[in-house]
**Q** 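Have a look at this one.
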Amino acid sequence: MAEEPIDLIRLEGNGNSVVLRITGPAGREGTAPAGSLAAEFVVDTPFVRGTLATLLAPGDLREWQECLDALDAGQDIAWCDRQRIPSLSVERDADGDDRCHVSVKDHHPSPTEVTVTVPLVDAWFDDAYRRLEQACDTWPMT
């Protein structure tokens, strides 16, 4: 039986959301690196809605954990910002409140970037680490 999709990243609030959903092992088209996972970014706001398919390579989940740790320590982050796949960045609001600006950038082929503002409260981190653990347990990436 196939595993259910897992929302690795879920940033939402005030009518806006950015989700990175892992749908399972990448297909066997020969273009995906061994051990890759198929995923999609889903952006939903009252103004913009869209999805963007991507692949997560071995090591991307570890890199997401490092980004979570940095974000939890109050730093801005850029994840998968290597132009091989769409990237995600999170910048905390300069006013010091609980808002952040989340950007999803498609480097190729459409060089398009969407930025969404969502709340980022302390309770979000527990859920984010739980989602990461669930993804790692479901699809171990070596």
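Numbers here simply count residues along the sequence, with the first being 1. What you are looking at is a predicted structure, and each value in this text was computed from that prediction instead of being measured. Note: hydrogens, waters and symmetry copies are ignored here, and every other heavy atom, side chains too, is used.
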**Q** To the nearest 0.5 Å, how far apart are CG in Asp76 and OG in Ser89?
**A** 8.5 Å
**Q** Between CG of Leu71 and CG of Leu120, what distance do you get to the nearest 0.5 Å?
**A** 5.5 Å
**Q** Hydrophobic clusters here meaning ILVMFWY residues chained together by side-chain heavy-atom distances under 4.5 Å, can you tell me if Val19 and Ile77 are in one?
**A** no
**Q** Evaluate the side-chain proximity of Leu20 to Trp64: yes if any heavy-atom separation is below 4.5 Å, no if none is.
**A** no
**Q** Salt bridge check: are Asp126 and Arg130 linked by an N-O gap of less than 4.0 Å?
**A** no
**Q** Can you confirm whether more than 12 heavy atoms, excluding those of Asp95, are under 6.0 Å from its CG atom?
**A** yes
**Q** Distance check, rounded to the nearest 0.5 Å: Leu37 atom CG versus Leu56 atom CG?
**A** 6.0 Å
**Q** Below 4.5 Å, heavy atoms only, C-beta onward: do Val43 and Arg49 meet side chain to side chain?
**A** no
**Q** Does Val42 belong to the same Ile/Leu/Val/Met/Phe/Trp/Tyr cluster as Val18, with side-chain heavy atoms less than 4.5 Å apart forming each link?
**A** no
**Q** Looking only at non-hydrogen atoms, find the nearest pair between Gln134 and Ile6 and report the distance.
**A** CG-CD1, 3.7 Å
**Q** Are Leu52 and Leu11 co-members of a hydrophobic cluster defined by side-chain heavy atoms under 4.5 Å apart?
**A** yes
**Q** Tell me if a side-chain donor or acceptor on Thr23 pairs with a main-chain N or O of Ala38 at a distance below 3.5 Å.
**A** yes
**Q** Which heavy atom of His107 sits nearest to which heavy atom of Ser87, and what is that distance?
**A** NE2-OG, 3.0 Å
**Q** Give me the atom names and distance for the closest heavy-atom approach of Leu61 to Leu132.
**A** O-CD1, 3.7 Å
**Q** Which heavy atom of Ser17 sits nearest a heavy atom of Val116, and at what distance?
**A** N-CG1, 4.3 Å
**Q** Check whether any side-chain heavy atom of Asp137 sits under 4.5 Å from a side-chain heavy atom of Glu133, and report yes or no.
**A** yes
**Q** What's the separation between atom CZ in Phe41 and atom CG in Leu8, rounded to the nearest 0.5 Å?
**A** 9.0 Å
**Q** I need the minimum non-hydrogen distance between Glu40 and Thr54, along with the two atoms involved.
**A** N-CG2, 4.3 Å
**Q** So, do Asn14 and Val118 sit near enough that their side-chain heavy atoms are less than 4.5 Å apart?
**A** no
**Q** Are the charged groups of Glu12 and Arg10 less than 4.0 angstrom apart, N to O?
**A** yes
**Q** Without swapping roles, check the side chain of Trp79 against the backbone of Asp60 for a donor-acceptor pair under 3.5 Å.
**A** yes
**Q** Hey, does the side chain of Asn16 reach the backbone of Thr117 with a donor-acceptor pair shorter than 3.5 angstrom?
**A** yes
**Q** Under the side-chain hydrogen bond (donor to acceptor under 3.5 Å, both in side chains) criterion, do His101 and Thr115 qualify, and how do the steps go?
**A** CA-CA 6 Å; His101 308 286; Thr115 302; over 6 Å; no
**Q** Got a second to check how far Ile9's CD1 is from Asp127's CG, nearest 0.5 Å?
**A** 12.0 Å
**Q** Quick check for you: to the nearest 0.5 Å, what is the distance between Arg131 atom CZ and Trp124 atom CH2?
**A** 9.5 Å
**Q** Should we say atom CD of Glu113 is surrounded by more than 12 heavy atoms from elsewhere, each under 6.0 Å from it?
**A** yes
**Q** For Phe125 and Arg92, work out which heavy atoms get closest and say how close.
**A** CZ-NH2, 3.5 Å
